[in-house]
Amino acid sequence: MLDNLPFSTEDKDSMLSAYNCSLLEFVENIEKADEGTGELYHIYKRKYLNLSFSFILDSQKIFKKLTVRGSVHTFYNNGLHNANVMSFRAFTTTLDKYYSLFGIDLTKCKLHPLEYGTNLYLSEFSDYNVDEIIQYTFCVKRKMFSYNGGIDTSLISGTRNNEVRIKFYSKSADYPKYCNNALRIEDKLTKSRGLTKKGIVFVSDLYDVTNHIILLEKHLENLSNIVLFDYTINIPRNSKYAIIARRLNSSDYWRKLIKECRKKQVYDTKYNDEVALLNMLSEKYGTNMLQKLMQYVEKQTLTALGVCDFNKFDIIKTPKNALLKKPKNAQLHIPCIPNAYNINYVSKLKKINQLKKCLITGVDISNQKKDSFLLAINSLKNLYKTDKIKFDEVKSKYLSKKWIDDDLEKQLFEIYHNIRNTINNQRIKQKKLYPPHQKQLFNINP
């Protein structure tokens, strides 16, 4: 689930409402000079629980920008910790608080690089210990892990120049009061372009559960690339693999291999072959540790999202020919049945995928990706070229008069954004009409 969720807005109403909120505590006021122009501007810093608010004002003390940072998961737990599992319903309820408490319009808040992670409680795996797992985690996609902040229970990959950095650490070391033997796996984004390409631009886009599934898929892909030595491997002494296992169980070996691959002192696929060999040994002589952790991540997250209930939990084995090609962990397919809570959503999503029409506009989107269900910018451009009447119909409904005289690119973006806002606005309206605590005449739940 999402953790650190930084965003910014230039919406004046949101900025004024947040600044005037009595919940915010004073931190400091700073006056600075712009390095380019020399013009003075002001930064007003405030906080609430674990959230930080930075208001930027110009020399006339007119609000220009608000940036909010902090873990949405910790905010859900009243600023205390993020060691438990957060459901999708809890997540959206917490997002609602940004508006109900501070008056911030999330449809006008642009996302900054965020953090997405999973807490894995290893008590159900008798052979697994979080401290040992961290000790045997070496690298990911030819980037070595290093101790994060000098803490020996926390690892982080790569450098700040990498688009995604993987954090692998003991959550129970951070919060022993709230969890035991818990492993935290986290994607720490340093750039937002990956999210933007997927249409995840504004905080309000996170009310859509399918966007969380997109984040989960990327999370699993990152996890599959981690080099984790399965310390449960038990190879007979007379086996030819005994020496190989000792070689693969060395951070120095992986560091040297990565360096040699970069300098082309060994052939380019050597790293991939060694990863595949390690996966094979883990499957044949160990507990298939990385695959188990991946399936645990998928099982836990999809359950938390309310998409599936799991009645079976099997390990998908590594393909037998893994040594003959670049290692690609088998896709995870754990049998699941729809939750009653999401039965309407699942059936609607299946219908959308079958018809390949935009959920809001009804426009054909069969040329878009399989998991698309809303009209994309490229489809809007194509509609403008091929069906002007239909385009004008969509434009009349989803383009504000404010942008009617702007160029085509700006109009396309605003239409694209307003289509996505429609889902969120419908949800908020429904929630106001039918609060969760209010009993309904027709209630499907017993």
Side-chain angles (χ1 to χ4, degrees), residues 1-11 14 54 65-72 88 91-92 95 98 104-117 141 158-167 186-222 225 305 352 358-361 363 365 367-384 394 398-400 403 406-425:
M1 188 58 71
L2 286 156
D3 190 40
N4 188 30
L5 190 67
F7 60 86
S8 62
T9 182
E10 296 178 7
D11 178 52
S14 296
S54 293
K65 188 176 183 179
L66 164 64
T67 300
V68 181
R69 299 183 182 277
S71 165
V72 67
F88 179 68
F91 174 80
T92 56
L95 283 190
Y98 284 100
I104 298 174
D105 184 352
L106 298 182
T107 66
K108 298 175 182 177
C109 294
K110 286 190 175 182
L111 288 166
H112 291 198
L114 47 77
E115 290 181 350
Y116 183 94
K141 295 183 74 173
T159 67
R160 295 179 184 275
N161 294 326
N162 300 123
E163 190 162 333
V164 181
R165 302 184 75 188
I166 311 301
K167 294 172 68 177
E186 192 169 87
D187 299 345
K188 181 179 177 64
L189 304 188
T190 60
K191 297 178 177 65
S192 296
R193 60 189 179 190
L195 296 176
T196 304
K197 288 179 180 178
K198 297 290 186 180
I200 307 173
V201 180
F202 297 90
V203 179
S204 54
D205 293 329
L206 299 175
Y207 280 99
D208 183 353
V209 73
T210 55
N211 285 332
H212 290 254
I213 295 174
I214 290 172
L215 292 171
L216 169 62
E217 289 173 348
K218 189 62 181 178
H219 184 55
L220 288 169
E221 179 186 333
N222 291 332
N225 290 314
L305 290 175
I352 294 164
C358 173
L359 177 62
I360 300 300
T361 65
V363 173
I365 56 172
N367 62 325
Q368 295 181 194
K369 293 182 179 180
K370 185 181 290 186
D371 57 355
S372 298
F373 67 100
L374 292 176
L375 199 59
I377 289 248
N378 287 337
S379 296
L380 272 170
K381 289 179 180 178
N382 186 57
L383 189 67
Y384 175 79
V394 173
Y398 301 102
L399 181 66
S400 169
W403 313 108
D406 277 65
D407 57 45
L408 180 61
E409 289 296 323
K410 180 63 176 178
Q411 290 185 2
L412 290 173
F413 177 78
E414 292 301 327
I415 294 172
Y416 163 86
H417 178 45
N418 288 335
I419 288 172
R420 279 147 183 79
N421 281 348
T422 300
I423 288 182
N424 183 44
N425 292 338

Parallel under 30°, tilted from 30 to 60°, perpendicular over 60°: which one fits the rings of F413 and F202?
-> tilted
OH (Y384) with more than 12 external heavy atoms under 6.0 Å = no
So, the side chain of N222 versus the backbone of H219: is there a donor-acceptor pair under 3.5 Å, distance only?
-> no
For K167, look at atom NZ and say whether over 12 heavy atoms of other residues, nucleotides or ligands are found less than 6.0 Å away.
-> yes
List in chain and number order the residues that pass salt bridge (Lys or Arg N to Asp or Glu O under 4.0 Å) with D205, two or more places apart in sequence or in another chain; answer none if no residue qualifies.
-> none
dist I166:CD1 -> D187:CG (nearest 0.5 Å) comes out at 4.5 Å
Are the side chain of Q368 and the backbone N or O of S379 linked by a donor-acceptor pair below 3.5 Å?
-> no
Hey, are the side chains of V201 and H417 touching, using non-hydrogen atoms and a 4.5 Å cut-off?
-> no
For the pair S14 (side chain) and D105 (backbone), establish whether a donor and an acceptor sit closer than 3.5 Å, ignoring hydrogens and angles.
-> yes
Flag, side chain of S8 to backbone of L66, donor-acceptor distance under 3.5 Å | no
Has the side chain of N211 got a donor or acceptor atom that lies under 3.5 Å from a matching backbone atom of Y207?
-> no
N418 (side chain) donor-acceptor with Y398 (main chain) under 3.5 angstrom | yes
Does the R165 side chain pair with the main chain of E186, one donor and one acceptor, at a distance under 3.5 Å?
-> no
Would K65 and E10 pass as an ion pair if we require N to O under 4.0 Å?
-> no
Could you point out which residue of I104, L5, T9 forms a side chain to side chain contact (heavy atoms under 4.5 Å, CB included) with V68?
-> I104
